[in-house]
Number of protein chains: 4
Amino acid sequence: MEMADQADRRQALISAAFAAIANEGFEGLRLRPIAAAAGIDHSTLHHYFRTKEDLIAAVLEHVTSQLEGSMRNDLEPAGRLRHHLGAIATAIAERPELFIVLDELDLRARRDVTMAANIKHDEQGWRAALVALFDEGIEQGTWSVDLDVHASVELVIATLKGLRLRPDTAEVVVKQLCDLYSRGASE
Amino acid sequence: MEMADQADRRQALISAAFAAIANEGFEGLRLRPIAAAAGIDHSTLHHYFRTKEDLIAAVLEHVTSQLEGSMRNDLEPAGRLRHHLGAIATAIAERPELFIVLDELDLRARRDVTMAANIKHDEQGWRAALVALFDEGIEQGTWSVDLDVHASVELVIATLKGLRLRPDTAEVVVKQLCDLYSRGASE
Amino acid sequence: MEMADQADRRQALISAAFAAIANEGFEGLRLRPIAAAAGIDHSTLHHYFRTKEDLIAAVLEHVTSQLEGSMRNDLEPAGRLRHHLGAIATAIAERPELFIVLDELDLRARRDVTMAANIKHDEQGWRAALVALFDEGIEQGTWSVDLDVHASVELVIATLKGLRLRPDTAEVVVKQLCDLYSRGASE
Amino acid sequence: MEMADQADRRQALISAAFAAIANEGFEGLRLRPIAAAAGIDHSTLHHYFRTKEDLIAAVLEHVTSQLEGSMRNDLEPAGRLRHHLGAIATAIAERPELFIVLDELDLRARRDVTMAANIKHDEQGWRAALVALFDEGIEQGTWSVDLDVHASVELVIATLKGLRLRPDTAEVVVKQLCDLYSRGASE
DNA sequence: CATGAATGAGGCTTCATTCAT
DNA sequence: AATGAATGAAGCCTCATTCAT
């Protein structure tokens with residue numbers, strides 16, 4: 001039981017840090033309030049996370065673990081794309097903070113090599129799945145062989161990243177993007 | 001002449017702040033180094049910008065003034081879209097700092113109403129131009145009347161925003177987006 | 001057997017503390033690393049030494065026990081002096097840490113009455129032996145009756161203390177001091 | 001006039017730090033009390049000394065400037081030695097704090113290269129003067145050509161260093177050392 | 001306009017120690 | 001005896017801002 005308490009406390013700290021970043025931004029991340037939110041002394045926080053950086057890394061881990069991709073391999077390419085984009089649009093709409101924080105992290109990654117590495121790693125998996133999706137679609141005739149897979153993948157990623165700050169438009173934008181690819185497909 | 005000096009100094013401060021944000025991020029924005037970069041005492045900076053926020057606002061103004069849109073009204077809709085997106089892709093590729101800083105500013109806007117207002121105002125103009133572009137295209141038969149103008153506008157904006165952190169992919173992504181709309185058009 | 005373990009552990013803590021003072025100085029004495037070096041939790045250290053001061057006192061005891069003087073009473077005064085100084089010079093050269101730590105302790109004694117008392121006690125024995133040596137030497141005609149015994153004792157002590165920070169010069173300095181007293185003796 | 005104030009304040013900080021080291025030792029050197037003693041906020045201290053190390057360096061400079069050697073070149077070697085040692089003995093007796101602090105600094109030099117360099121530099125001058133003194137003495141027949149100059153210099157230095165912690169014995173010890181060299185000389 | 005000393009609030013981190021287990 | 005979570009005090013340092021000059 002105590003073990004659960006420990007983990008809980010740790011999780012509480014991560015959650016508090018996550019919320020702080022979401023609400024106040026990276027600038028506003030102060031250790032004292034985080035500790036207070038978890039109901040402990042600010043020096044005790046260092047018992048769980050030796051340094052501020054360690055806490056931030058844990059936040060990143062927490063965020064990415066929540067976004068673990070759901071790519072349904074049982075659908076054909078077009079449907080899979082539609083489903084995947086829809087899932088992300090839904091996630092953006094329902095839990096925008098997740099993406100806000102990811103954006104802050106993304107920005108910080110420009111100066112923090114560790115963070116950059118972690119984010120890159122996470123994106124790699126996503127990117128690979130998208131490449132496979134488009135490759136398969138071309139193979140099956142869903143899209144023309146002329147389709148630029150790399151460009152398409154980057155377009156999808158860029159669009160989704162660009163939606164982070166405007167969660168309210170996520171749904172329509174994603175639909176529009178799907179439609180464009182469907183039209184290409186019907187051709 | 002001194003007036004020119006004044007303006008120069010002011011501009012030097014803004015440039016220094018801009019560079020600092022581009023290189024170190026918002027977190028790394030310290031007034032003292034900014035003043036030093038402009039060759040003045042850190043106290044004197046407050047004669048030009050009463051507060052840190054004021055300086056940041058000036059940086060935003062500086063950034064947006066550099067991005068004033070070039071929407072060529074002499075071209076037909078499809079060409080105009082292609083040209084516009086190409087121009088932005090070029091800008092991203094050539095002066096990525098501009099967009100990096102814009103991203104930092106965008107993120108900060110979530111907590112700074114003044115900044116949010118300024119950014120929104122700037123985007124409004126952009127948005128309106130895009131709406132006009134698509135409306136005209138539909139009117140002229142470039143795109144189907146079924147085209148969701150609002151969604152398309154947001155898609156374009158989201159995509160471009162999403163490119164900020166990956167300036168190297170800007171060109172191909174923009175081309176891909178144009179192609180998708182061209183194909184839709186050919187229909 | 002466990003008792004031996006206990007003593008061993010205690011000794012390990014003292015040794016680790018000794019090494020820490022020798023290497024990092026008094027400033028650098030931290031309990032956690034000491035405990036870690038002895039392979040126990042930092043909390044457990046408090047079972048062996050209730051407080052940091054207690055541990056330091058034990059270090060002093062450890063150091064002085066290692067320096068228990070070897071004054072050979074079988075030699076005549078001049079030879080005894082030469083032998084004694086030589087022994088200390090050798091000790092300084094071979095185990096300089098012992099003297100470094102003693103110096104740190106000496107300095108600290110200025111503010112720590114307990115330490116001051118302990119050190120004073122240790123020195124008292126040394127001082128008495130030296131007084132006896134010189135007294136005997138005068139009695140036997142080795143040195144003139146004009147020899148200031150007290151001053152000579154303090155000179156010897158001061159010189160040896162002054163050598164602590166320059167272990168490499170210990171040998172020649174000690175030899176020089178002996179020579180000065182031998183010359184006085186030959187008179 | 002204000003300039004004097006500035007320098008005064010700076011000096012006040014150095015003096016306060018000096019006193020703190022003398023009374024509490026290096027361990028007890030805290031910036032806040034130092035600032036308070038000088039009548040300023042603890043953050044203002046950083047305006048005068050960017051870092052704690054800088055302040056310590058200033059203390060060292062202050063101490064050594066007070067000890068600038070008084071080697072009277074108008075006296076013959078034996079008299080010069082007697083005079084020099086007497087001067088230092090007097091200094092130790094009258095201002096023992098100076099030497100206490102020097103001892104703390106000396107000890108710290110073992111871990112602080114900058115301090116070690118500064119101290120070494122100061123000692124170099126002293127050492128050179130002593131070497132010259134003994135060389136001249138041998139040349140003039142004051143001492144035998146067999147005298148080990150290097151050893152004698154180190155003996156003098158070690159003795160004086162060893163006196164730091166026992167200022168009350170300085171006078172007699174120094175006299176005894178002089179006597180030993182005089183006797184050697186008379187020979 | 002320019003300076004630089006001064007401020008006060010606040011930042012992260014470290015440490016010896018205690019307490020419940 | 002041993003652990004490790006928790007504490008609270010304290011450490012150095014930084015920053016935006018103000019004020020007297």
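Heavy-atom basis, side chains included; hydrogens, waters and symmetry copies ignored. Throughout, a chain's letter reflects where its sequence line sits, starting with A, and its residues are numbered from 1.
- Heavy-atom distances to DNA chain F give each of C:Ser43 and A:Gly39 a nearest nucleotide, and the one nearer the 5′ end belongs to C:Ser43.
- Distances shorter than 4.0 Å separate none of the side-chain N or O atoms of B:Arg50 from OP1 or OP2 on F:dA16.
- Among the heavy atoms of the strands, none lies under 4.0 Å from B:Ile34.
- Put simply, the side chain of C:Leu105 reaches to within 4.5 Å of the side chain of C:Phe26, judged on heavy atoms.
- With respect to A:Glu104 and B:Arg111, a salt bridge is recorded, a charged nitrogen being found less than 4.0 Å from a carboxylate O.
- Using a 4.0 Å heavy-atom cutoff across all strands shown, C:Phe49 reaches no nucleic acid atom at all.
- In this structure, A:Leu29 places its CG atom 16 Å from P of E:dG10, rounding to the nearest Å.
- Base engagement by B:Arg32 is indicated by at least one non-hydrogen atom pair under 4.0 Å involving a base atom.
- Distance alone, capped at 3.5 Å, is enough to place a donor-acceptor pair between the D:Ser15 side chain and the D:Gln11 backbone.
- Salt-bridge annotation for B:Arg108 and A:Glu24: absent, with no side-chain N of the basic residue lying under 4.0 Å from a carboxylate O of the acidic one.
- A:Asp41 has its CG atom 6 Å from the P atom of F:dG8, to the nearest Å.
- A sub-4.0 Å separation between OP1 or OP2 of E:dC1 and a side-chain N or O of B:Arg9 is absent.
- Closest to the C:Leu31 side chain, of the nucleotides E:dT7, E:dA16, F:dC12, is E:dA16.
- If you find the closest nucleotide of DNA chain F to D:Lys52 and to A:Leu45, the one lying nearer the 5' end belongs to A:Leu45.
- Between D:Tyr48 and E:dG4 there is no side-chain N or O to OP1 or OP2 distance below 4.0 Å.
- For B:Thr51, no side-chain nitrogen or oxygen approaches OP1 or OP2 of F:dA16 to under 4.0 Å.
- For CD of A:Glu61, the number of neighbouring non-hydrogen atoms (other residues, nucleotides, ligands) closer than 6.0 Å is 12 at most.
- The separation between A:His46 atom NE2 and F:dA10 atom P is 18 Å, rounded to whole Å.
- Note: CD (C:Glu53) to C1' (E:dC15) measures 14 Å, nearest angstrom.
- When distances run from any side-chain atom of B:His47 to the nucleotides E:dT7, F:dA9, E:dA2, the shortest one goes to E:dA2.
- Secondary-structure annotation of DNA chain E gives the stems E:2-21 with F:2-21, with a stem taken as at least 3 successive Watson-Crick or G-U pairs whose two distances both fall under 3.5 Å.
- Checking E:dT3, E:dC12, E:dG8 against every side-chain atom of B:Thr44, the shortest atom distance belongs to E:dT3.
- In this entry the distance linking CD of B:Glu27 with P of F:dC15 reads 12 Å, nearest Å.
- Atoms CD1 (D:Ile40) and P (E:dG4) sit 17 Å apart, rounded to a whole Å.
- Separating the CG atom in A:Asp122 from the CG atom in A:Leu67 is a distance of 9.0 Å, to the nearest 0.5 Å.
- Using a cutoff of 4.0 Å between basic side-chain nitrogens and carboxylate oxygens, C:Asp103 and C:Lys161 are not scored as salt-bridged.
- Between the side chain of D:His42 and the base of F:dC12, no donor-acceptor pair under 3.5 Å is found.
- Here D:Arg110 does not pair with C:Glu27 in a salt bridge; the nearest charged N to carboxylate O distance is not below 4.0 Å.
- Distances from the side chain of B:Arg30 to the nucleotides E:dT18, F:dA16, E:dA6 place F:dA16 closest.
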